[in-house]
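Before any comments, here is the structure.
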Amino acid sequence: VACVLGDLAETFTISQWLYHIDIKNKITEISLSETESGNVKMVLGMTRLHKIFDVIFIIIPKCIIGILLAWYGAVYVAISDTNENAFLNTLAIYFICEIDELLFKAFIPSMLQTALSKVSPISANVNPKIKEYLLLYGPILMCTVVGILVFSSVSATCFCNTCGVIATAAAAATASA
């Protein structure tokens, strides 16, 4: 679940990045320029239509996939019948979470990976009260969300298993009668 929540936090960062890109009349080519401090700055602009397209086809599906993966992944691990299966199911979910990073490292040229790693983070003017709130209550909120996801998925799993046991017992009773 923590892996998936990290992926959702990454999606939030991508949406912030997209929000701070300048809106232009036409898409401008990405250019990298070095600042005086040695950091690399990325300069680009997008049309409003391109931003909307990115939100509809990248941000929203990424959020939906992350939420569904957290829910079904927790249930998938919770219904494991042995410790070995629970470990393997957890490993499978982790692989699904990390497949995008593996593909990035495998198919993006190392020169571009290096250039992207040198790009300085986007800084946004965030209200100091909001920053303070996120620093103080962010971890509590994250733990609460994880707790709710785990509790609800385990409760759903136990409910389904209980129904299965009741249905099996009823079928056995009917068959013996």
Side-chain angles (χ1 to χ4, degrees), residues 1-77 90-150 152-153:
V1 175
C3 170
V4 175
L5 290 177
D7 202 38
L8 289 173
E10 181 181 272
T11 304
F12 179 70
T13 304
I14 292 171
S15 62
Q16 280 184 321
W17 181 79
L18 189 64
Y19 175 77
H20 289 289
I21 292 176
D22 294 335
I23 295 177
K24 306 276 185 178
N25 289 334
K26 69 178 208 172
I27 297 175
T28 57
E29 188 175 302
I30 297 174
S31 61
L32 300 174
S33 60
E34 194 166 332
T35 61
E36 294 172 5
S37 62
N39 289 334
V40 176
K41 181 180 178 185
M42 187 167 44
V43 180
L44 72 141
M46 292 181 165
T47 62
R48 185 176 311 277
L49 183 62
H50 192 198
K51 279 189 164 187
I52 293 169
F53 180 85
D54 286 350
V55 168
I56 292 172
F57 291 105
I58 296 173
I59 303 295
I60 293 173
K62 191 166 167 45
C63 284
I64 292 171
I65 289 169
I67 291 167
L68 291 176
L69 187 60
W71 172 260
Y72 288 109
V75 170
Y76 189 59
V77 172
T90 304
L91 192 61
I93 293 165
Y94 181 74
F95 176 77
I96 292 170
C97 288
E98 294 297 315
I99 190 71
D100 58 338
E101 300 293 327
L102 294 171
L103 292 173
F104 174 78
K105 290 182 180 180
F107 294 110
I108 301 298
S110 61
M111 189 167 85
L112 184 56
Q113 288 181 27
T114 304
L116 288 173
S117 68
K118 291 183 179 178
V119 173
S120 58
I122 293 176
S123 60
N125 297 330
V126 179
N127 186 339
K129 288 250 184 218
I130 294 174
K131 275 186 181 178
E132 181 182 340
Y133 178 79
L134 288 174
L135 283 172
L136 290 174
Y137 301 111
I140 295 169
L141 179 65
M142 190 66 77
C143 289
T144 304
V145 169
V146 169
I148 290 170
L149 277 173
V150 169
S152 61
S153 63

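Sequence positions, counted from 1, serve as the residue numbers for this chain. When reading the values below, keep in mind they use all heavy atoms of this one structure, side chains included, and skip hydrogens, waters and symmetry mates.
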For side chain to side chain contact (heavy atoms under 4.5 Å, CB included), just list the numbers for Ile59 and Ser15, CA-CA rounded to whole Å, side-chain angles, deciding distance to a tenth of an Å, and then say yes or no.
CA-CA 7 Å; Ile59 303 295; Ser15 62; 4.1 Å; yes
Mind checking whether [X] and [Y] have side chains closer than 4.5 Å, heavy atoms only?
X      : Y      : value
Thr11  : Cys63  : yes
Phe57  : Phe53  : yes
Phe107 : Leu103 : yes

Can you tell me how far the [atom1] atom of [X] sits from the [atom2] atom of [Y], to the nearest 0.5 Å?
X      : Y      : atom1 : atom2 : answer
Asp100 : Glu98  : CG    : CD    : 7.0 Å
Ile58  : Ile56  : CD1   : CD1   : 11.0 Å
Lys26  : His50  : NZ    : NE2   : 15.0 Å
Ile96  : Tyr72  : CD1   : OH    : 14.0 Å
Tyr133 : Leu141 : OH    : CG    : 6.5 Å
Leu8   : Thr13  : CG    : OG1   : 11.0 Å

Tell me whether the count of non-hydrogen atoms from other residues, nucleotides or ligands lying under 6.0 Å of CZ in Phe104 goes above 12.
yes
